[in-house]
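Contents: one structure, followed by commentary.
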Amino acid sequence: MTGLLAGIAAVTVPLVLLGSLYGQLRRPGALAAAVRAHRTVPGVLAAPVAGLAVAAEALTGFGAAAGLLLWENGLLRGALAASAALLALYAAYAAYVARTRPRGVPCGCAGDAGTPMTGWVAVRAAALAGLAAAGAARGLHAGPPAAEVAVAVLAGLGFAVILWSLPQAMIEEGAR
């Protein structure tokens with residue numbers, strides 16, 4: 001079972017991080033604008049902080065994807081461990097902003113200016129952090145049966161879709 005969880009993490013985490021990176025590259029100023037709206041750092045630092053976050057997502061996402069595609073356990077486990085730390089930081093940050101800032105402040109996640117920062121953003125980041133940590137702890141094992149790989153890939157794709165859409169799906173109808 002832990003091998004299956006590691007396989008799911010190996011698919012889900014890089015998909016979500018690289019999907020987020022794609023969104024950030026499509027709308028390069030959205031995260032910096034959101035960070036400014038969060039008022040957690042001085043305005044002049046919003047763009048550098050956003051840039052660091054995007055770079056961290058790129059590094060961990062590509063690292064985990066490369067580890068999976070090359071079936072390189074050390075690279076995958078290291079990238080998932082770094083992803084777990086990054087996502088735990090995101091979860092704490094999102095919880096703080098959702099709790100202390102005006103309702104409706106933009107998340108900026110994946111370059112999306114339309115999703116507000118809510119507790120669901122923090123829940124998503126925490127779930128991804130836990131999944132990444134589980135994957136980092138276990139890693140891949142040599143020669144898994146094809147059926148196990150297929151289940152891990154399909155489940156990983158499903159988890160990625162669910163976690164990706166969670167904050168937007170949980171917005172109250174009146175808040176849209």
Side-chain angles (χ1 to χ4, degrees), residues 1-28 30-32 34-35 40-41 45 47-96 107-112 120-167:
M1 183 58 130
T2 57
L4 180 59
L5 184 59
I8 291 168
V11 172
T12 302
V13 174
L15 272 178
V16 171
L17 289 172
L18 294 175
S20 178
L21 175 64
Y22 174 73
Q24 297 296 354
L25 294 175
R26 285 187 53 219
R27 296 173 210 90
L31 183 57
V35 171
T40 54
V41 297
L45 294 178
V49 166
L52 283 172
V54 172
E57 286 181 4
L59 186 62
T60 57
F62 279 121
L68 175 63
L69 293 174
L70 299 173
W71 210 263
E72 174 52 50
N73 204 28
L75 176 59
L76 176 69
R77 290 178 79 178
L80 287 176
S83 297
L86 176 66
L87 291 160
L89 182 63
Y90 283 0
Y93 180 82
Y96 172 79
C107 171
C109 306
D112 180 12
W120 290 108
V121 174
V123 167
R124 172 182 60 190
L128 284 164
L131 190 58
R138 173 60 168 84
L140 301 170
H141 60 277
E148 184 177 319
V149 172
V151 168
V153 169
L154 291 174
L157 291 170
F159 272 87
V161 169
I162 290 167
L163 290 171
W164 182 270
S165 59
L166 177 68

Closer than 3.5 angstrom, by distance alone: can the side chain of Gln24 be matched with the main-chain N or O of Ala30 as a donor-acceptor pair?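 Not at all, since once roles are kept as given, no pair shorter than 3.5 Å links the two residues.
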
Is a donor on one side and an acceptor on the other found under 3.5 Å between the side chain of Arg77 and the backbone of Ala137?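 Checked: pair present.
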
With rounding to the nearest 0.5 angstrom, report the [atom1] to [atom2] distance, [X] to [Y].
| X | Y | atom1 | atom2 | answer |
| --- | --- | --- | --- | --- |
| Leu86 | Leu80 | CG | CG | 12.0 Å |
| Phe159 | Ile8 | CZ | CD1 | 5.5 Å |
| Leu76 | Leu140 | CG | CG | 4.5 Å |
| Leu75 | Phe62 | CG | CZ | 13.0 Å |
| Leu157 | Thr12 | CG | OG1 | 7.5 Å |
| Leu15 | Ser20 | CG | OG | 12.5 Å |

Is there a side-chain contact (heavy atoms from CB on, under 4.5 Å) between Leu5 and Leu131? Walk through the geometry before answering. CA-CA 8 Å; Leu5 184 59; Leu131 190 58; 3.6 Å; yes

Nearest heavy-atom neighbours spanning [X] and [Y]:
| X | Y | value |
| --- | --- | --- |
| Leu68 | Ala10 | CD2-O, 3.3 Å |
| Ala9 | Gly135 | CB-CA, 3.8 Å |
| Gly139 | Ala6 | O-CB, 3.2 Å |
| Cys107 | Ala34 | O-CB, 3.7 Å |
| Thr60 | Ser83 | CB-OG, 3.2 Å |
| Ala53 | Leu31 | CB-CD2, 4.1 Å |

Within a radius of less than 6.0 Å around OH of Tyr90, do more than 12 heavy atoms belonging to other residues, nucleotides or ligands occur?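 Atom OH in Tyr90 is packed in, count exceeds 12.
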
Are the side chains of Leu17 and Leu87 in touch, meaning some heavy atoms are under 4.5 Å apart?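 Heavy-atom side-chain distance check passes, below 4.5 Å.
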
